[in-house]
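We use all heavy atoms of the structure for the numbers below, so side chains are in, but hydrogens, waters and symmetry mates are not. This chain uses plain numbering: 1 for the first residue, then up along the sequence.
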Amino acid sequence: MAPLSWRHHTLLQALLTRGPLSDRDFRAVFAAISGKNPATHQQLFNDTLLKLNKELAYLQFELRACMNQYDGMVYYGVVNNIADEESKLGTKYSVPQVAYYKGLLEAVVQEAGNDGTITSIDALNVCLDNQVIILDGGSQNSQSRLPSCITDFKLSQKERTIDELVRDRWLSYTSTGKIGLGVRSFLDLRSWFRGNDIPLCVVCNEACIKASSCPNEGCSIRIHEYCLKKKFSQRKASRACPGCGTEWPRQEGEVDGDDDANEPGEDGAASANRSSRKRRKGVKAELVQDCPSRKRRKGVKAELLEDCSSRKRRKGVKAELVEDNHNAGPLTAAVPRRARSLRRAKAEAVEAAQEASSAGASKAARASKGRKK
């Protein structure tokens with residue numbers, strides 16, 4: 001196998017120094033190091049993780065991904081696969097702090113409401129008595145006794161320990177202000193969850209810390225909330241419990257998929273279609289309303305053209321009369337009667353044309369006024 005490159009070393013170093021990274025941040029680091037977008041180079045991204053895990057396996061480490069059950073986001077981190085006594089010496093926490101964390105872990109896991117959280121008051125009331133037991137083998141009737149550091153662990157020390165565990169992401173504060181497990185707990189304690197018979201999700205086969213239970217009290221099926229959305233995402237998918245067949249209740253904010261109007265985005269599409277139909281109707285009404293106005297304009301244009309042609313005819317007749325008069329000159333008295341009768345006929349024709357044009361214009365004006373009304 002080819003040795004790891006500087007890109008592998010840098011990616012691994014980012015996880016070790018920054019702690020667990022969200023999927024978005026981890027992919028951003030990968031893109032900055034490799035120059036490739038993992039969304040379009042998914043095979044390269046998978047091959048890089050596989051090569052890192054093959055090398056880390058020699059040291060009993062693993063680059064692992066987990067789901068934060070409180071927000072449904074994926075996180076990446078490096079974990080130790082061996083829980084031996086030597087690895088326990090690598091912690092920075094004191095013995096009573098480790099015991100207190102174990103007590104908090106058990107309280108969260110055993111929470112009856114399947115919410116995976118406890119209140120701050122419940123966290124401060126967690127006892128350390130059953131977490132650390134030291135046997136004194138000096139006598140045959142050896143009795144268990146607790147060290148003073150356990151019995152003298154005060155409330156102020158518990159508060160500081162909770163703050164430190166939250167800061168190191170072993171614990172977390174939820175949106176409701178309660179205390180739950182942190183990302184590092186979900187990453188490191190996978191084997192502990194399985195070893196303590198924590199119920200598993202039937203969809204993803206991971207421990208159910210925050211999950212939804214079957215409404216049937218006799219059924220032990222539990223499913224994560226994000227797995228429920230994935231399982232029942234299809235509109236006509238059966239919502240029956242995989243274990244007993246009981247109808248699984250809908251979560252808060254989830255709509256009924258049997259109603260056609262409840263499909264995602266359908267309301268917006270229907271309103272958009274209605275608005276587009278209204279716009280088309282408005283455009284049609286404007287076109288219909290505009291048709292009479294266009295017809296009136298066409299009528300006016302035709303009247304103007306007809307008037308122009310009549311004026312041209314009158315100008316032509318007048319030009320002919322002027323030319324006849326010019327040609328006649330001083331000989332008008334000697335012009336035969338036939339010529340004078342021709343000029344009179346032409347003059348009468350001009351007057352008749354003028355009267356006809358004026359009558360047509362007035363009639364057209366009256367007709368346009370009537371249409372406007």
Next item on the list: Could you tell me whether the side chain of D168 reaches within less than 4.5 Å of the side chain of L165, counting heavy atoms only?
Entry: no

Check: Roughly how far, to the nearest 0.5 Å, is the CD1 atom of I221 from the SG atom of C241?
Finding: 5.0 Å

Item checked: Donor-acceptor contact below 3.5 Å, side chain N53 vs main chain L63 -> yes

Donor-acceptor contacts, no H, no angles, side chain residues 12-28, under 3.5 Å, sequence neighbours left out:
| unit_1 | atom_1 | unit_2 | atom_2 | d |
| --- | --- | --- | --- | --- |
| T17 | OG1 | Q13 | O | 2.8 |
| T17 | OG1 | A14 | O | 3.4 |
| S22 | OG | D25 | N | 3.4 |
| S22 | OG | D25 | OD2 | 3.1 |
| D23 | OD1 | R27 | NE | 3.1 |
| D23 | OD1 | Y76 | OH | 3.4 |
| D23 | OD2 | R27 | NE | 3.2 |
| R27 | NH1 | Q42 | OE1 | 3.4 |

Checklist line | pair E55-H8: side-chain heavy atoms closer than 4.5 Å | finding: no

Note to self: Restricting to non-hydrogen atoms, name the atom on G177 and the atom on S120 that form the minimum distance, rounded to 0.1 Å.
What the structure shows: O-OG, 4.4 Å

Checklist line | Residue pairs, two or more places apart or on separate chains, that pass side chain to side chain donor-acceptor pair (under 3.5 Å) and touch residues 29-39 | finding: none

Notebook entry, point to check: Does the side chain of H224 come within less than 4.5 Å of K210's, by heavy atoms?
Noted result: no

Check: Which atoms form the tightest heavy-atom contact between G77 and L187, and what is the distance?
Finding: CA-CD1, 3.9 Å

Next item on the list: Would you give the length of the straight line joining atom CZ of R169 to atom CG of N68, rounded to the nearest 0.5 angstrom?
Entry: 9.0 Å

Check: Which other residues end up in the same hydrophobic cluster as I121, if Ile, Leu, Val, Met, Phe, Trp and Tyr are linked when side-chain heavy atoms come under 4.5 Å apart?
Finding: none

Next item on the list: Mind checking salt bridge (charged side-chain N to carboxylate O under 4.0 Å, His left out) for R184 and listing every partner two or more places apart, or none if nothing turns up?
Entry: none

Atom pairs and distances, donor-acceptor, side-chain atoms in residues 190-209, under 3.5 Å, two or more places apart:
| unit_1 | atom_1 | unit_2 | atom_2 | d |
| --- | --- | --- | --- | --- |
| R190 | NH2 | A65 | O | 3.1 |
| R194 | NH2 | N205 | O | 3.0 |
| N196 | ND2 | W192 | O | 2.7 |

Next item on the list: Could you check if a side-chain atom of T10 sits within less than 4.5 angstrom of a side-chain atom of V29, using non-hydrogen atoms only?
Entry: no

Notebook entry, point to check: Step by step, would you call T246 with C219 a side chain to side chain contact (heavy atoms under 4.5 Å, CB included)?
Noted result: CA-CA 9 Å; T246 304; C219 182; over 6 Å; no

Checklist line | Any donor-acceptor pair under 3.5 Å from T161 side chain to Q157 backbone | finding: yes

Margin query: What's the separation between atom NZ in K102 and atom CD in Q97, rounded to the nearest 0.5 Å?
Written below: 13.5 Å

Notebook entry, point to check: When you look at K92 and E164, which way does the side chain to side chain contact (heavy atoms under 4.5 Å, CB included) test go after all the steps?
Noted result: CA-CA 11 Å; K92 68 175 185 177; E164 191 172 352; 3.6 Å; yes

Next item on the list: Look at the side-chain heavy atoms of Ile, Leu, Val, Met, Phe, Trp and Tyr, link any pair under 4.5 Å apart, and say whether L59 and L50 land in one connected group.
Entry: no

Item checked: Close side-chain approach of I162 and L124, heavy atoms under 4.5 Å -> yes

Next item on the list: Please round to the nearest 0.5 Å and tell me the distance separating atom CZ of F61 and atom CG of N81.
Entry: 8.5 Å

Margin query: As an exercise, state the distance from CG of L56 to NZ of K51, rounded to the nearest 0.5 Å.
Written below: 12.5 Å

Next item on the list: Go through L49 and D47 one step at a time and tell me if the side chain to side chain contact (heavy atoms under 4.5 Å, CB included) criterion holds.
Entry: CA-CA 6 Å; L49 299 187; D47 293 342; over 6 Å; no

Next item on the list: Using the side chain to side chain contact (heavy atoms under 4.5 Å, CB included) rule, take L104 and I118 through it: C-alpha gap first, then chi angles, then the decisive distance, then the call.
Entry: CA-CA 9 Å; L104 292 174; I118 57 175; 4.1 Å; yes

Next item on the list: Taking the side chain as every heavy atom from C-beta outward, state whether V108 and L171 have any atom pair closer than 4.5 Å.
Entry: no

Note to self: Looking at K158 and V126, would you say the former's side chain and the latter's main chain have a donor-acceptor pair under 3.5 Å?
What the structure shows: yes

Checklist line | Heavy-atom side-chain contact between M73 and M67 under 4.5 Å | finding: no

Item checked: Transitive ILVMFWY side-chain link W6 to L11, under 4.5 Å -> yes

Next item on the list: Sequence neighbours left out, what passes side-chain hydrogen bond (donor to acceptor under 3.5 Å, both in side chains) with T117? Give chain and number order.
Entry: D115

Check: Does any N or O in the side chain of S172 come within less than 3.5 Å of the main-chain N or O of L181, such that one atom is a donor and the other an acceptor?
Finding: yes

Note to self: Distance check, rounded to the nearest 0.5 Å: F153 atom CZ versus S94 atom OG?
What the structure shows: 6.0 Å

Checklist line | T119 to D122 - nearest heavy-atom pair and separation | finding: OG1-OD2, 3.0 Å

Next item on the list: Kindly state whether the ring of Y101 and the ring of Y93 have centres lying under 6.0 angstrom apart.
Entry: no

Check: If Ile, Leu, Val, Met, Phe, Trp and Tyr residues are connected whenever their side-chain heavy atoms lie under 4.5 Å apart, and connections chain through other members, are V109 and Y100 in the same group?
Finding: yes

Next item on the list: Examine distances only and state if a side-chain atom of Q110 and a backbone atom of A107 form a donor-acceptor pair shorter than 3.5 Å.
Entry: no

Checklist line | Donor-acceptor contact present, side-chain H41 to main-chain P38, <3.5 Å | finding: no

Next item on the list: State, yes or no, whether a side-chain contact exists between L52 and V78 at a heavy-atom distance under 4.5 Å.
Entry: no

Checklist line | F186 reachable from I179 in the ILVMFWY side-chain graph, under 4.5 Å edges | finding: yes

